[in-house]
Amino acid sequence: MAAALVSCTQASSGGGPGADVPGTSAEPAADRARGAESAGDADRAGREAPTGEDTAVPSPEPALVRDAFATLQATLGETCTPGAGDCAYFLGRITQELTELDASMRADSKGPGHFAKPLADMKALFATLGEDRTEAHLEKHFSAIVGTRDGINTWMQDHPDDYR
């Protein structure tokens, strides 16, 4: 038995009888397994090798309108007190949720015309806010931010097919 083991080891390691036949052994099943493993390694290497194509990570698509609306709707029970120092997160979150909902509505297959009213409301709000997202600036426009959120919630409630 030991002699057979040495013979097989020599054959598979390149020494001994059959050394001119790469990877042969007394076990045909072992040869097939090694062949499949080599083919799998070559296939994996081919998939992982650079192909010269653009490998940049694609930017994520906007969330579905129903998903973006759900995260906005989650803010309905929340509020803050302007001037009390507790509005930065709250108003920043609503502004971000509105931005994401805007992108979702514009990308939706129904087209932006279907969402004309909420998109117009958000456009007006974003024009008012400009690029300034500081707490003081957002607090200054507290009513416009919360009013836009509430108005969109009301509009969406009349369009359940857009969020269910």
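One is the number of the first residue; the rest follow in order along the sequence. For clarity, every value in this text was computed on a predicted model and none was experimentally measured.
- Contact check for Leu138 versus Arg133: side-chain heavy atoms found under the 4.5 Å cut-off.
- Without hydrogens or angle criteria, Glu100 side chain to Ala63 main chain gives no donor-acceptor distance under 3.5 Å.
- Atom CG of Leu72 is separated from atom CD of Gln96 by 11.5 Å, given to the nearest 0.5 angstrom.
- Distance check: Asp150 CG to Thr154 OG1 gives 6.5 Å after rounding to the nearest 0.5 Å.
- Across all non-hydrogen atoms, the minimal contact from Phe126 to Thr95 is CE2-O, 4.5 Å.
- By the 4.5 Å heavy-atom criterion applied to side chains, Leu125 and Arg149 are not counted as neighbours.
- Interatomic distance, CZ of Phe90 versus OG1 of Thr79, reported as 4.5 Å (0.5 Å rounding).
- Atom CG of residue Leu129 and atom OG1 of residue Thr148 lie 8.0 Å apart, to the nearest 0.5 angstrom.
- Shown here for Ile145 and Leu91, the closest heavy-atom pair between the two residues is CG2-CD2, 4.1 Å.
- Here the side chains of Arg66 and Asp162 are not in contact, with every heavy-atom distance at 4.5 Å or above.
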Verdict with supporting geometry, Phe69 and Leu64, side-chain contact (heavy atoms from CB on, under 4.5 Å): CA-CA 8 Å; Phe69 176 61; Leu64 296 174; over 6 Å; no

Trace of the side-chain contact (heavy atoms from CB on, under 4.5 Å) decision for Trp155 with Asp121: CA-CA 11 Å; Trp155 187 91; Asp121 292 348; over 6 Å; no

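- Counting all heavy atoms, side chain and backbone alike, Pro160 lies closest to Asp158 at CD-C, 3.4 Å.
- Within a 6.0 Å radius of NZ in Lys117, no more than 12 heavy atoms belonging to other residues, nucleotides or ligands are found.
- Residue Asp86 comes nearest to Glu135 through the heavy atom pair N-OE2, 3.8 Å, listed as atom of the first residue, atom of the second, then distance.
- Residues Phe142 and Cys80 have side chains in contact (heavy-atom distance under 4.5 Å, counting atoms from C-beta outward).
- The nearest pair of heavy atoms linking Pro118 to Ile152 is CB-CG1, 3.9 Å.
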Intermediate values then yes/no, salt bridge (Lys or Arg N to Asp or Glu O under 4.0 Å), Asp161 and Lys110: CA-CA 11 Å; Asp161 58 309; Lys110 292 179 183 177; 2.9 Å; yes

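- Checked by atom type, the side-chain pair Gln157/Tyr163 shows a donor-acceptor distance below 3.5 Å.
- Across all non-hydrogen atoms, the minimal contact from Met105 to Met122 is SD-CE, 3.7 Å.
- Going from atom CD of Glu97 over to atom CD1 of Ile94 covers 9.0 Å, rounded to the nearest 0.5 Å.
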